[in-house]
Amino acid sequence: MTKIRKEGEIEYRFEPPDDFRAFVRDRKSRKAEPKLCSAKEAVSAFVADGDYLVYDFSSLTRGPQSLIREVIRQRKKDLWVGAEFTLHESALLTGAGCATRIDVGFLGYGSYIGQAVCEGRVRVYEWTNGGLALRMLAGARGVPFLPTRDLLGSDNMGVSAAKVIADPYTGLPVAVVPALNPDVAFIHVHQADVFGDARIFGTNLFALEAAMASHRVILSAEEIVDPEEFRKDPMRTTIPFFLVDAVVHAPFGAYPGAMPARYEIDLAHVDRLNGIRSEDQMQKYLHETVYSVADHEEFLDQQVGARRMRELRARATIIEGYR
Amino acid sequence: MTKIRKEGEIEYRFEPPDDFRAFVRDRKSRKAEPKLCSAKEAVSAFVADGDYLVYDFSSLTRGPQSLIREVIRQRKKDLWVGAEFTLHESALLTGAGCATRIDVGFLGYGSYIGQAVCEGRVRVYEWTNGGLALRMLAGARGVPFLPTRDLLGSDNMGVSAAKVIADPYTGLPVAVVPALNPDVAFIHVHQADVFGDARIFGTNLFALEAAMASHRVILSAEEIVDPEEFRKDPMRTTIPFFLVDAVVHAPFGAYPGAMPARYEIDLAHVDRLNGIRSEDQMQKYLHETVYSVADHEEFLDQQVGARRMRELRARATIIEGYR
Amino acid sequence: MPRTVEFTDTEFMIAQGARLLEDGKTFFVGWGIPQVVAILGQKLYVPDVIQLFEFGAIGPQSVLPFVRGTMGGPQNTFRSLQWLNMNWAFAYSASGYMDFGMLGALQVDPYGNINSTFLGGTYERPERRFAGSGGGNQVASHCWKTIIVIKHEGRRFVPKVEFLTSPGYLTGPGAREKAGLPAGTGPYRVVTSKALFGFDEETKRMTLLAVLRGLDPDDVVKDMGFRPLMAKEIDEIHPPTDEELRLLREEIDPSRFLIAGEPMSAVI
Amino acid sequence: MPRTVEFTDTEFMIAQGARLLEDGKTFFVGWGIPQVVAILGQKLYVPDVIQLFEFGAIGPQSVLPFVRGTMGGPQNTFRSLQWLNMNWAFAYSASGYMDFGMLGALQVDPYGNINSTFLGGTYERPERRFAGSGGGNQVASHCWKTIIVIKHEGRRFVPKVEFLTSPGYLTGPGAREKAGLPAGTGPYRVVTSKALFGFDEETKRMTLLAVLRGLDPDDVVKDMGFRPLMAKEIDEIHPPTDEELRLLREEIDPSRFLIAGEPMSAVI
């Protein structure tokens with residue numbers, strides 16, 4: 001697990017590159033082995049209490065929502081979430097008592113998560129979206145830090161472990177952020193094969209960076225395809241199999257968010273989420289959508305329904321470029 | 001033009017990020033304007049004596065050979081070449097008296113260039129392939145340097161301006177290389193439109209980094225396509241138009257090298273190049289292939305011929321994935 | 001003969017924003033109102049503006065109507081020039097290719113520093129917590145000209161922001177450069193529901209440039225938490241035009257999700 | 001009954017290299033001989049080895065026959081898992097995903113430091129100039145186990161390389177780590193046209209492990225520029241097998257471009 005470090009009052013996750021490299025050498029397999037399993041199996045095998053979790057993309061677009069719900073169902077504890085566009089995940093994980101720290105990013109909307117921060121129920125650090133993406137790139141490139149010309153002069157510097165150093169060439173001040181090597185990354189993809197080769201259609205936040213930089217990678221995929229597909233079109237491969245630990249077949253895995261070119265966002269459900277203010281509302285929502293159902297399939301059957309899914313698929317009319 | 005700096009005896013090109021940014025603001029247009037022109041026009045307009053030149057990919061694969069020949073034809077002087085896989089370019093540019101400094105990279109083969117180095121006719125600095133790619137990434141990311149965990153402990157450190165600093169987080173030594181913002185980049189692509197949107201099929205060295213980091217970008221393209229093509233498949237766009245200054249339509253522009261899925265390498269011609277040892281041989285080759293022909297089209301007609309081109313096209317039987 | 005036009009404060013801010021863009025320039029688009037500004041601007045004034053989103057959409061041509069909650073979906077990445085990722089998006093801005101950026105704000109100070117993180121209390125235990133930077137800090141740091149959009153309420157204009165989320169001119173002239181931020185960048189305009197502000201060349205302090213037709217400049221600034229500089233000549237801002245309102249209400253946001261707001265009116 | 005097999009020194013080095021690879025591991029492939037080693041190994045011994053090339057081909061399945069001058073062309077990027085670029089290729093190696101790397105060398109010293117840059121004179125005015133690092137420095141710095149392939153000529157084994165292009169164990173135990181190179185990496189084997197060397201755990205010095213069947217270990221090391229350590233038991237290396245030679249000569253390199261070399265023979 002990545003270590004916790006402190007800069008003054010600020011806690012941050014950091015693992016020296018050599019430690020992550022040793023994990024990759026000893027604990028990550030380069031063998032092409034079938035990794036298809038259920039969300040229940042994947043999350044229980046690869047997510048531990050206290051883990052640092054990242055995901056791609058957002059609550060509204062291609063987020064690994066079915067995996068997030070499974071984490072809640074398994075009542076994981078003391079998670080630290082690295083969250084860029086965290087509109088609902090952080091609120092749900094906090095409301096469920098799973099998350100105690102969040103690195104942001106963009107801290108959602110709806111008043112629940114804001115209230116939780118005000119009450120000190122969850123600790124938040126400000127790395128900004130660019131800072132988190134850069135930390136992930138550093139983790140993927142095997143360097144302990146990367147420099148950037150933002151964050152400078154802002155108060156985010158004081159509530160993150162970003163630092164200012166003198167550029168070795170000009171002597172001018174430049175900000176640096178430490179590498180991030182998450183314990184586990186959740187990435188929801190359009191297509192994957194059983195070994196973990198994966199394709200995302202459209203843009204992404206840091207899918208390849210996160211897959212390369214994370215100790216464990218769990219993919220959830222709308223569609224499982226023939227491994228040969230990837231070798232026929234290598235420019236389309238977002239993630240190669242040897243970075244991946246588990247592949248979960250999860251149609252509508254991004255629900256209630258949208259999956260580009262597959263199904264549209266369920267605004268009614270999103271409004272329900274955004275409307276959560278009280279603890280009662282949160283627990284009621286969690287009970288209905290997570291605790292009271294055995295898994296994602298049962299959730300879709302009982303809480304969403306075939307007709308609704310058909311409607312949402314029918315609304316996904318823009319497919320150009322998503323292939 | 002990027003400035004020349006010195007570290008001890010070592011000269012290197014470096015431009016503070018703010019200077020490059022000002023150039024991008026004031027001298028690079030974001031307007032979609034037709035940029036189609038001849039190689040002659042492009043090179044005379046955008047390559048000046050003393051410029052720092054980079055290119056993608058190599059002498060044998062998708063190299064901008066027709067543009068290199070045009071530079072020689074126009075007898076540019078005192079060029080500084082940033083060369084990763086420079087098997088022939090450096091030899092030809094040195095033999096033609098165009099290049100006086102080369103940052104490598106992999107310094108070709110055939111004995112001519114080696115002899116030129118031994119005779120002190122061209123100055124070479126050792127950045128290594130990884131170091132040059134990283135310098136280009138720094139230039140594209142608008143940061144003055146990037147760190148890496150190689151070069152360390154090697155003699156390349158002494159014949160480049162790479163430095164060792166203490167990582168701000170672990171205190172451990174890490175190498176850093178300065179950003180590179182070339183004066184001009186040559187990139188040979190499969191498809192481009194008249195505005196400069198471009199697609200490369202297959203792998204590349206640092207096509208997008210170089211296009212973003214360079215003051216001027218000249219594309220040579222096997223095929224000119226409808227601008228709408230790019231918006232229909234945005235994942236396939238390698239370079240967007242607003243990074244590009246000139247587009248040259250150059251079928252067989254990579255000759256005698258190969259263009260993946262378009263035509264194969266002309267080994268007979270490559271052997272002729274590799275066989276160049278004496279100054280006489282070099283000048284004879286340059287006369288026949290460059291000085292004695294008006295342009296690339298005349299070169300193809302007189303020196304290559306339609307039959308040969310048909311043969312080389314016919315040999316390019318592997319097209320899977322190149323689309 | 002004069003007539004009264006009615007619109008919301010949001011519609012007015014969006015219209016103002018759209019009029020500030022320049023054609024054939026790049027525009028780093030933030031979440032929410034800036035998305036609608038980009039769409040209205042491209043439809044009406046700057047057809048060749050190049051939108052860029054932090055999640056890696058370069059040059060999209062948004063599909064109408066605007067679908068709320070869309071950020072990275074097909075609607076606002078449609079027909080892009082290029083699809084990449086976040087590190088590449090910020091490479092474009094960091095290396096100087098982004099001409100304009102637009103951000104909302106909870107609070108803004110005389111130097112155009114933005115707070116979008118919290119109000120009241122301390123960072124650890126705020127009274128009210130909001131989204132924070134997202135990519136706003138990068139936009140305000142990298143783009144050549146940053147446009148701030150903020151509702152014209154006196155309490156939002158403070159002498160010093162409670163938390164500096166995204167940098168304006170920091171403490172004044174030269175402060176951005178001293179901090180290491182890219183030279184020549186900074187806040188360009190502040191668009192409010194009543195007025196338009198710029199920044200004084202010399203002092204880098206917020207300066208009233210124009211007010212909505214029919215408003216009195218002194219009324220506009222009197223309840224602000226600091227006294228802005230006043231331009232020699234305060235221009236008049238035309239209220240949303242019929243075409244701007246028609247596009248916003250009929251084509252861009254018929255559900256009135258983003259354009260809803262407090263009713264305003266002006267006589268033209 | 002014994003028979004004599006004939007082969008070139010290059011064929012022998014290629015066969016040895018192919019036998020060193022492990023299946024289901026990653027292999028960072030350098031220019032030239034390593035390309036052929038990878039192909040022979042994948043065909044014969046390690047079908048699931050994952051090749052990676054510095055120009056961004058991840059997991060290609062090379063097309064036969066090997067086309068000389070191919071580096072980045074369709075033949076050696078065919079059926080890749082992923083096509084990227086150089087910065088991504090070196091990200092895979094820098095973050096620890098590359099198990100093996102293979103490099104040629106002009107000179108090698110007792111600590112496995114590689115010179116591939118120049119011979120004689122000074123860096124500025126060498127007597128003979130060669131290609132230099134290319135991506136070799138990154139391969140030797142990042143990969144867990146680097147295999148060096150070098151013709152067995154005494155003058156190539158020097159006490160100190162004239163130019164340290166790609167790092168071995170530098171000056172000995174702990175030196176790589178002290179320099180900041182990734183921990184636990186370094187040269188693993190040295191494959192020559194007569195023998196196979198490893199590196200002593202404690203001293204990190206080159207150690208003779210095995211010699212070609214029929215050769216005398218002392219003869220093999222006597223003309224080397226330094227005296228390598230000798231393993232307690234010096235193994236015998238089987239000459240290229242009929243199958244190895246058939247594949248190399250008939251399927252992989254029928255033009256004999258890469259496998260050509262000095263004639264050798266051994267009795268089996």
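Note on naming: letters A, B, ... go to the chains in the order of the sequence lines (proteins, then strands), and numbering restarts at 1 for each one.
S93(D) touches chain A through its backbone: at least one of N, CA, C or O sits under 4.5 Å from a heavy atom, while the side chain does not. Only the side chain of L137(A) has a heavy atom closer than 4.5 Å to any heavy atom of chain D. For a residue to count as touching a neighbouring chain, one of its non-hydrogen atoms must lie under 4.5 Å from one of that chain's; by this rule A138(A) does not touch chain D. Neither the backbone nor the side chain of S29(A) has a heavy atom closer than 4.5 Å to any heavy atom of chain D. Of the atoms belonging to F23(A), not a single heavy atom falls under 4.5 Å from chain D. Contacts between L81(D) and chain A at a heavy-atom distance below 4.5 Å involve backbone atoms as well as side-chain atoms.
Using a 4.5 Å heavy-atom threshold, the side chains of R141(A) and N87(D) count as touching. Residues V24(A) and Y92(D) are not in side-chain contact: their nearest non-hydrogen atoms beyond the backbone lie 4.5 Å or more apart. Q82(D) has its side chain out of reach of P234(A): every pair of non-hydrogen atoms, C-beta onward, lies at least 4.5 Å apart. Residues R21(A) and W144(D) have side chains in contact (heavy-atom distance under 4.5 Å, counting atoms from C-beta outward).
Between the side chain of D18(A) and the main chain of A183(D), a donor-acceptor pair closer than 3.5 Å is present.
Below 4.5 Å, heavy atoms of chain D meet heavy atoms from D197(A), L208(A), E209(A), all part of residues 188-210 of chain A. The stretch residues 246-255 of chain D places none of its residues near chain A, where near means some heavy atom under 4.5 Å from a heavy atom of that chain.
Under the ring-ring contact (aromatic ring centres under 6.0 Å, His included) criterion, F199(D) pairs with Y169(D), sequence neighbours left out. By the side chain to side chain donor-acceptor pair (under 3.5 Å) test, S62(D) pairs with no residue at all, sequence neighbours left out.
In plain terms, the two heavy atoms of G184(D) and R25(A) that are nearest each other are O-NH1, 4.3 Å. Looking at every heavy atom in both residues, S214(A) comes nearest to Y97(D) through O-OH, 4.2 Å.
The most heavy-atom pairs under 4.5 Å with chain D, out of E228(A), M212(A), K31(A), R231(A), come from R231(A). Of the listed residues I58(D), D48(D), I50(D), the one with more heavy-atom pairs under 4.5 angstrom with chain A than any other is I50(D). When the candidates K25(D), Q61(D), E177(D), M98(D) are compared by the number of heavy-atom contacts under 4.5 Å with chain A, Q61(D) comes out ahead.
Interatomic distance, S95(D) OG to L243(A) CG, rounded to the nearest 0.5 Å: 8.0 Å. Here NZ of K28(A) is found 12.5 Å from OG1 of T26(D). Values are rounded to the nearest 0.5 Å.
A cation-pi arrangement, defined by a distance under 6.0 Å to the six-membered ring centre and an angle within 45 degrees of its axis, is absent between R236(A) and W83(D).
Within 6.0 Å of CD1 in I319(A) there are 12 or fewer heavy atoms belonging to other residues, nucleotides or ligands.
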**OP:** Would you please test R30(A) and D99(D) for salt bridge (Lys or Arg N to Asp or Glu O under 4.0 Å) and show each step?
**Re:** CA-CA 9 Å; R30(A) 258 74 84 192; D99(D) 301 304; 2.4 Å; yes

